[in-house]
Amino acid sequence: MLYFLDSADTQAIAAAFDLWPLAGVTTNPSLIAREKRPLRDLLLEIRRLIGPGTMFHVQLLGSEAGIMVEEAQRLRDLLGDGFHPKVPVTPQGLKAIRLLAGLGFEPTATAIVSPSQALLAARAGAAFTAPYVNRLDMINGDGVGVVGEIARLFALHGLPTKILAASFKSVQQVHGVATAGAHTVTLAPDLLGPLLSHPLTESGIAGFLADWAGCYGPGHTVLDALATP
Ligand code: E4P
């Protein structure tokens, strides 16, 4: 399973890409608007920060397929390889996905909350489908269940479309979609720490450091210990 960062905050993106094994960035119009910056500068800075070989998913805003295709072409000219147009699952969006796939784009169908939306998007030619887990859970839905059903349907019908599960607020949701068959998750920066941290890990490491310091000196590394005859 691949991990993406769901953010347009360049500081958070730089910090996260320094440490975590991330395959790319997803953004949405709300995340971009929150930065209050000229779009071109912001997108180019993100593209530079995440480096070559990573994916960058940016949502299209046109309400008609023809405009969405033009938006995607302009963004591809700007951002180059690794750019993926995100297209909401509306009737015009499905048309745009079909046209974009025909032009060699690998579109991501977004704002998905049901298996039938995901199936239609896959049939239209989406490379990724983005089901929104927490938004479903918040209205007594079953976000993980929807992801599992999409995974089952894609396998049943032999569809190559990947599941890029989105909208998370808890580690449990992320673990749930991983076991349900998501190929990719996109996470807000503040969810990365909780995915890794565990009190037993922290106390275990603290114990190792204390034992080591008792023998080789506080703060000493392997390098210091090897340098001492
Ligand atoms: C998906 O691509 C969206 O950017 C996102 O994950 C939505 O998350 P939210 O429900 O936390 O806004």
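As the structure lists them, so they are numbered: ligands from 1, and atoms in each ligand from 1.
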Checklist entry - Do you see a donor-acceptor pair shorter than 3.5 Å between the side chains of Thr108 and Thr110? => result no
Item to check | Sole residue of Leu191, Val185, Val25, Leu31 in side-chain contact (heavy atoms from CB on, under 4.5 Å) with Asp6 | outcome: Leu31
Next on the checklist: When you measure from the heavy atoms of Gln59 to every atom of ligand 1, does any distance fall below 4.0 Å?
Outcome noted: no
Item to check | Which residue and heavy atom of the protein sit nearest atom 4 (O) of ligand 1, plus the separation | outcome: Asn28 ND2, 2.7 Å
Checklist entry - Taking the side chain as C-beta and beyond, is there a heavy-atom pair between Met55 and His57 under 4.5 Å? => result yes
Checklist entry - Heavy atom under 4.0 Å from ligand 1: found in Tyr132's side chain, backbone, both, or neither? => result side chain
Checklist entry - Which is closest to atom 8 (O) of ligand 1 in terms of heavy atoms, Pro29, Ser167, Ala166? => result Ser167
Checklist entry - Does a donor on one side chain and an acceptor on the other come within less than 3.5 Å for Arg123 and Thr161? => result no
Item to check | Any donor-acceptor N/O pair, Ser167 side chain to Arg135 backbone, under 3.5 Å | outcome: yes
Item to check | Geometric class of the Phe4/Phe128 ring pair [parallel <30°, tilted 30-60°, perpendicular >60°] | outcome: perpendicular
Item to check | Pick from Arg135, Met138, Lys86: the one approaching atom 2 (O) of ligand 1 most closely through a non-hydrogen atom | outcome: Lys86
Item to check | Closest protein heavy atom to atom 5 (C) of ligand 1, given as residue, atom name and distance to 0.1 Å | outcome: Asp6 OD2, 2.9 Å
Next on the checklist: Test your reading of the structure: does Lys169 have an N or O sitting under 3.5 Å from an N or O of ligand 1?
Outcome noted: yes
